[in-house]
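Notes follow the structure.
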Amino acid sequence: MDNILLEGSIILVFHLFMAMLSLAIFSSLIVKRKVAGSIFLIYLLAIGFFILKSLYSYSPIICSIVVGMYVCLGIATYFNVKRKLII
């Protein structure tokens, strides 16, 4: 039981770190070059879909938590990019 909790927490922390890193790269790309940022966003969405698909077969609960993290980080990135583009 302890190994399952450890694996789940490692997966969640890894996805949180990678999502934050990817969205930071996306926000800097979209501000500098919109085409490159759009291509990177399409790449992120495609990779995210396949990650969530394989993660759902591992554990639906962890997958739903990761989806919630993706949504929260996506909203935060949206407002950050919106603020940068206005200024």
Side-chain angles (χ1 to χ4, degrees):
M1 183 71 178
D2 292 332
N3 288 338
I4 294 172
L5 291 175
L6 180 65
E7 288 176 6
S9 62
I10 289 173
I11 288 172
L12 288 176
V13 168
F14 176 75
H15 277 287
L16 179 65
F17 177 73
M18 292 308 293
M20 287 172 46
L21 183 65
S22 299
L23 291 175
I25 292 170
F26 166 72
S27 66
S28 68
L29 272 177
I30 198 75
V31 170
K32 292 179 183 175
R33 294 177 295 207
K34 293 196 187 294
V35 175
S38 300
I39 292 171
F40 191 72
L41 179 63
I42 292 170
Y43 172 75
L44 283 180
L45 290 174
I47 293 298
F49 173 75
F50 289 116
I51 287 173
L52 289 175
K53 186 178 173 184
S54 64
L55 191 60
Y56 186 78
S57 65
Y58 176 73
S59 172
I61 295 171
I62 292 177
C63 182
S64 62
I65 293 171
V66 169
V67 167
M69 286 188 326
Y70 283 172
V71 168
C72 291
L73 289 173
I75 291 170
T77 303
Y78 169 76
F79 286 117
N80 186 21
V81 168
K82 185 178 175 183
R83 182 179 53 85
K84 285 182 180 179
L85 289 178
I86 289 174
I87 295 175

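All values reported here derive from a predicted model rather than from experimental measurement.
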Euclidean distance, [Y] [atom2] relative to [X] [atom1], rounded to 0.5 Å:
X	Y	atom1	atom2	result
Ile25	Thr77	CD1	OG1	11.5 Å
Leu12	Ile61	CG	CD1	11.0 Å
Ser9	Leu6	OG	CG	5.0 Å
Leu45	Phe50	CG	CZ	12.0 Å
Leu23	Asn80	CG	CG	10.0 Å
Cys63	Tyr70	SG	OH	9.0 Å

Tabulate below the donor-acceptor pairs under 3.5 Å that side-chain atoms of residues 32-43 make, not counting sequence neighbours, or state none.
unit_1: Ser38; atom_1: OG; unit_2: Lys34; atom_2: O; d: 2.8

Could you tell me whether the side chain of Ser54 and the main chain of Ile51 form a donor-acceptor pair under 3.5 Å?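 Yes.
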Would a hydrophobic clustering, with Ile, Leu, Val, Met, Phe, Trp and Tyr connected at side-chain separations under 4.5 Å, put Leu16 with Tyr56?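 In one cluster: no.
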If you group Ile, Leu, Val, Met, Phe, Trp and Tyr by side-chain heavy-atom gaps below 4.5 Å, do Leu21 and Val13 land in one group?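 Cluster IDs for Leu21 and Val13 differ.
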Of Val66, Ile62, Leu52, which meets side chain to side chain contact (heavy atoms under 4.5 Å, CB included) against His15?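 Only one of Val66, Ile62, Leu52 forms a side chain to side chain contact (heavy atoms under 4.5 Å, CB included) with His15, namely Val66.
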Would you say OH of Tyr78 has more than 12 non-hydrogen atoms from neighbouring residues, nucleotides or ligands within 6.0 angstrom?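 Counting neighbours around OH of Tyr78, 12 or fewer heavy atoms of other residues, nucleotides or ligands fall under 6.0 Å, so no.
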